[in-house]
Structure formats: structure tokens, C-alpha cells
There are 2 protein chains.
Amino acid sequence: MKENTTKFVLLGLLSRRPLTGYDIKKTVETRLDYVWDLSNGQIYPTLKTMEKEGLITKKVETRENGPIRKIYSITKKGFEELTDWLNQPAHPEINRYEILLKLMFGEHADPETNSKHIQDFKRRNTQLYEAMSQFERNLDGMPVQTEEAFYVRLAVLLGKSISKASIDWAEKAIQMLEEHKAGE
Amino acid sequence: MKENTTKFVLLGLLSRRPLTGYDIKKTVETRLDYVWDLSNGQIYPTLKTMEKEGLITKKVETRENGPIRKIYSITKKGFEELTDWLNQPAHPEINRYEILLKLMFGEHADPETNSKHIQDFKRRNTQLYEAMSQFERNLDGMPVQTEEAFYVRLAVLLGKSISKASIDWAEKAIQMLEEHKAGE
DNA sequence: AAAACCATGTAAGATGTTACATGATTAA
DNA sequence: TTAATCATGTAACATCTTACATGGTTTT
């Protein structure tokens with residue numbers, strides 16, 4: 001990932017509506033969870049350099065109560081960079097399944113430990129599945145079905161499928177572990 | 001990931017048999033593809049520091065033909081660190097789906113581009129699925145079914161399930177895109 | 001009264017990638 | 001003869017995380 005994907009995430013989000021750094025953080029956490037993640041340490045510095053590069057503009061909002069807010073909007077140049085990037089082939093997926101790593105070497109732990117790892121994994125995926133399903137229902141409930149909604153829906157469907165497959169696997173894996181223990 | 005997971009991948013692999021840095025690279029590429037990835041820039045320096053810490057030992061093999069090989073073996077201390085780590089809960093999964101990122105903002109690209117992204121994704125997952133299936137057959141064909149094989153099989157099953165779900169999604173997504181285009 | 005949320009950010013360090021360097025052997 | 005495989009590594013850079021700092025507002 002030599003080409004700073006963070007920048008394109010921010011451009012993509014700002015292509016829809018002006019947002020603050022905080023908004024971006026929240027959006028990434030809720031809507032982009034599972035697809036991509038960003039920390040404050042990436043978001044704020046990147047916004048700053050993007051502004052310098054003329055990809056986005058800033059509007060500072062001072063309010064009587066509450067902290068100031070810096071609302072960023074995408075520029076024409078920013079939009080062009082975004083569409084250029086959209087037309088490039090995507091990098092291959094990066095997955096880091098620490099649970100699989102631990103399971104791969106599970107011969108050195110006791111079956112209860114391994115079973116617990118799988119249960120934790122199942123819990124994480126169940127949460128994900130529910131969040132995705134909720135999100136899908138929100139999309140369904142939208143009064144107008146926009147282009148935006150169509151593509152977001154496609155992405156949500158993959159999230160749902162993968163988390164569903166993960167949950168099913170977890171159930172089967174726990175069962176296999178039981179049988180394995182019994183068969184000793 | 002403050003706790004250098006690279007170290008535990010190396011310990012895990014070395015817990016089975018002594019390996020060179022090169023062997024480790026190959027094993028990660030073939031057996032751990034999808035679960036975790038490591039580059040030479042991580043493997044060689046980490047092996048060096050692990051040796052200093054007494055987690056592994058090195059045996060240098062000079063051969064008449066071919067380059068020297070440094071064969072690393074796990075120590076008692078290394079094995080203890082490994083099992084300690086195996087007993088800790090796993091960190092949540094990290095996924096970076098650049099394709100989903102591009103699809104999420106797909107309203108700004110033309111449908112052909114989006115369709116191409118999905119086809120690339122399908123191709124990657126088909127390869128993965130085939131590699132995993134092949135690996136599974138190898139496990140089935142093993143004369144003795146060891147503890148090691150059991151846990152590796154569990155991990156392979158998840159890889160298969162997820163890549164299968166991804167392929168199915170890709171097919172459906174391409175179809176949805178066709179209908180979407182037609183329905184304009 | 002405490003916790004959570006809104007809202008900004010920085011600094012230090014950890015982690016990871018890329019490209020390069022070296023050079024022999026073996027397969028196509 | 002070209003490419004791939006075996007085998008080692010480093011340096012520079014890119015990226016990302018963690019923890020901290022600040023301070024008001026709203027909810028429990």
C-alpha cells in the first residue's frame with residue numbers, strides 16, 4: 001500500500017457530504033467497520049496535508065457552546081483524484097486472522113483454550129452480522145433508492161455473507177472440537 | 001498489534017520443525033496465505049532479535065554447492081512464550097478490502113469499472129478456494145492424522161468457507177449490476 | 001457524580017513494504 | 001539462454017497504533 005489509501009477513504013466520504021474529522025472517525029467505525037479502519041493519528045494529519053494539496057477545503061465553525069468544528073469539503077481536484085483511483089484495479093485483500101494463527105498452532109494449547117478462541121470469534125462475527133443487517137434495513141427503508149445506496153448495499157451484502165460464513169464455521173468447528181476431544 | 005505478532009508466527013512455525021528464513025517465507029506464502037503475511041524485511045531482522053533473546057537457536061549449514069543456510073530451532077524459552085501467547089485471547093480480525101472501498105464509492109465510476117473490480121475479486125477468491133481445497137486434500141491424504149493436522153484443518157475450513165462466500169457474492173453482485181444497468 | 005460523547009490534535013514508537021544487492025543452481 | 005528457485009539480507013521509507021493532552025456538553 002504505497003499509495004496512501006487513507007487519502008482515498010477520506011476523499012470518498014467527503015465526495016458525499018462535508019464532514020469533520022470526528023464525523024469521519026465515526027463513519028469509518030460504523031459504516032466502514034470490517035472494510036477499512038482508520039485511527040485519529042491517521043485522519044487528522046492526512047486532512048491537513050490534503051488541504052495543502054488542494055484536494056479539500058476547510059470551513060471553521062465556531063459555536064457558543066461546544067468546541068470549534070472544522071468542516072472539510074472536497075474540491076474539483078480532489079474529486080478527480082478520487083475517480084482516477086476508482087478506475088485503478090484494487091489491491092488484493094489483506095486479512096489478519098490472529099485466531100486462525102492461534103488455531104493453526106492449537107496442538108500446543110488445550111482444547112478448551114482453542115474452543116474459547118472460536119467462541120470469541122463467533123461473537124465478533126455475530127455482532128458484525130447484526131450490524132450489517134441493521135444497516136441493510138436502513139438502506140431498504142430509505143425513501144429514494146440512490147446510486148449511492150445501490151453500491152453501499154453491494155458492499156454490505158459481502159460483509160453479511162462473510163460474517164455468516166464465519167459464524168457457521170465457528171459452530172461447526174466447536175462441534176468438531178467436541179468430537180475430537182471425545183474421540184481421544 | 002503492539003506485541004509483535006511476527007514473533008509468534010515464527011515461533012509457531014519453528015515449534016514444528018527447524019526452518020530457514022527462506023523456508024519460513026515459503027510456508028507463510030503457501031500455508032498461511034490469507035491468514036497472515038510476512039515480508040523478508042520482517043522475517044530476517046526478527047529471527048536475529050529472537051536469537052538474541054534466546055527464543056531460538058541457529059545452526060549454520062555450509063554446503064559445497066549453493067548458498068549457506070541458517071537453520072533456526074525453537075528453544076524451551078521460545079516454546080514457553082509461544083504457549084503463553086496461545087492462551088491469550090486473540091486480537092480482533094483486521095480486514096482491508098480495497099475492493100469494497102471502491103465499490104462503496106462506486107457511484108462515481110461507471111458500472112463496467114465496478115463490474116471489473118468484482119470480477120478481479122472473484123478470480124482472487126477462486127484461486128484461494130482452490131489452493132485451500134488442495135491443501136485439504138493433502139491433509140486427508142496424510143498417513144497419520146496428527147493433532148497438528150486437526151487444527152490446521154480447522155483453519156483451512158474457515159478459509160474455504162470465506163472464499164466460497166466471496167465467490168458466491170461476486171456472482172450475485174455482477175448479476176445485480178447487470179439488472180441495475182438494464183433498469184436505468 | 002460519573003460516564004460517555006463531542007471535538008481537536010500530537011509525539012513517539014512500532015510495524016511493515018519496497019526495492020535493491022548478491023550470487024549460485026536448476027528447470028524450461 | 002532466460003527465467004525461476006534457493007538463500008541471504010539491508011536501507012529507506014511509508015504506514016499505523018497508542019497513549020496522551022485538552023475541555024466542554026449531555027446522558028445515566
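Computed from a prediction, not measured in an experiment: that's the story for all the values here. Naming convention: chains lettered A, B, ... in sequence-line order (proteins, then strands); numbering from 1 in each chain.
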**Q.** Angle of first-five versus last-five pair axes in the helix from C/dA1-D/dT28 to C/dA28-D/dT1, to 10 degrees
**A.** 60°
Q: Take B/K26 and B/Y22 through the side-chain contact (heavy atoms from CB on, under 4.5 Å) test and state the conclusion after the steps.
A: CA-CA 6 Å; B/K26 287 290 131 183; B/Y22 187 84; 3.6 Å; yes
Q.
From C-beta outward on B/T20, which listed nucleotide comes closest to its side chain: C/dC6, C/dT17, D/dT8?
A. D/dT8
Q) Can you check the A/I68 CD1 to C/dA7 P distance for me, whole Å? A) 11 Å
(Q) I'd like to know if A/K102 and A/E98 make a salt bridge, using a cut-off of under 4.0 Å between side-chain N and carboxylate O. (A) yes
Q.
Below the 4.0 Å mark, does C/dT15 have OP1 or OP2 next to a side-chain nitrogen or oxygen of B/Q42?
A. no
Q. To the nearest angstrom, how far is B/N40 atom CG from D/dA7 atom C1'?
A. 9 Å
Q: Carefully, step by step, assess B/Y97 and A/N95 under the rule side-chain contact (heavy atoms from CB on, under 4.5 Å).
A: CA-CA 8 Å; B/Y97 280 80; A/N95 302 110; 3.8 Å; yes
Q: Could you check how far NE2 of B/H91 sits from C1' of D/dT18, rounded to whole Å?
A: 12 Å
Q | N or O in side chain of B/T6 less than 4.0 angstrom from C/dG16 OP1/OP2 | A | yes
Q | Length of the line joining A/I71:CD1 and C/dC6:P, which is rounded to integer Å | A | 15 Å
Q: Using a heavy-atom cut-off of under 4.0 Å over every strand shown, decide if A/K70 touches base, sugar-phosphate, or nothing.
A: sugar-phosphate
Which atom pairs link the protein and nucleotides 22-27 of chain D when you take only N or O atoms and keep those under 3.5 Å?
none

Q: Can you sort out which residues in residues 43-55 of chain B have a heavy atom within less than 4.0 Å of DNA chain C? Ascending by number, please.
A: none
(Q) Check the phosphate of C/dT18 against B/S39, side-chain N and O only, distance under 4.0 Å to OP1 or OP2. Yes or no? (A) no
Q) Can you check whether B/R96 has a side-chain N or O nearer than 4.0 Å to OP1 or OP2 of D/dC16? A) yes
Q. What integer distance in Å separates B/K25:NZ from C/dT17:C1'?
A. 11 Å
Q: Applying ring pair (Phe, Tyr, Trp, His ring centres under 6.0 Å), name anything that partners A/F150, two or more places apart in sequence or on another chain.
A: B/H180
Q. Given atom CD of A/E98 and atom P of C/dT15, what is their separation to the nearest angstrom?
A. 12 Å
Q | From CD1 (B/I56) to CD1 (B/I71), nearest 0.5 Å | A | 12.5 Å
Q. Taking only residues two or more places apart in sequence or in another chain, which ones pass salt bridge (charged side-chain N to carboxylate O under 4.0 Å, His left out) with B/K77?
A. none
Q | Distance test, side-chain N/O of A/Y22 to OP1/OP2 of C/dC6, below 4.0 Å | A | yes
Q. Sequence neighbours excluded, which residues qualify as side-chain hydrogen bond (donor to acceptor under 3.5 Å, both in side chains) partners of A/R123?
A. A/D120
Q) Taking atom P of C/dT15 as reference, at what distance in whole Å does atom CG of B/L10 sit? A) 13 Å
Q.
For a quick check of understanding: with a heavy-atom distance under 4.0 Å over all strands, which category does B/G41 fall into, base, sugar-phosphate or nothing?
A. base
Q. Does A/R63 place a side-chain N or O at less than 4.0 Å from the phosphate oxygens OP1/OP2 of C/dC6?
A. no
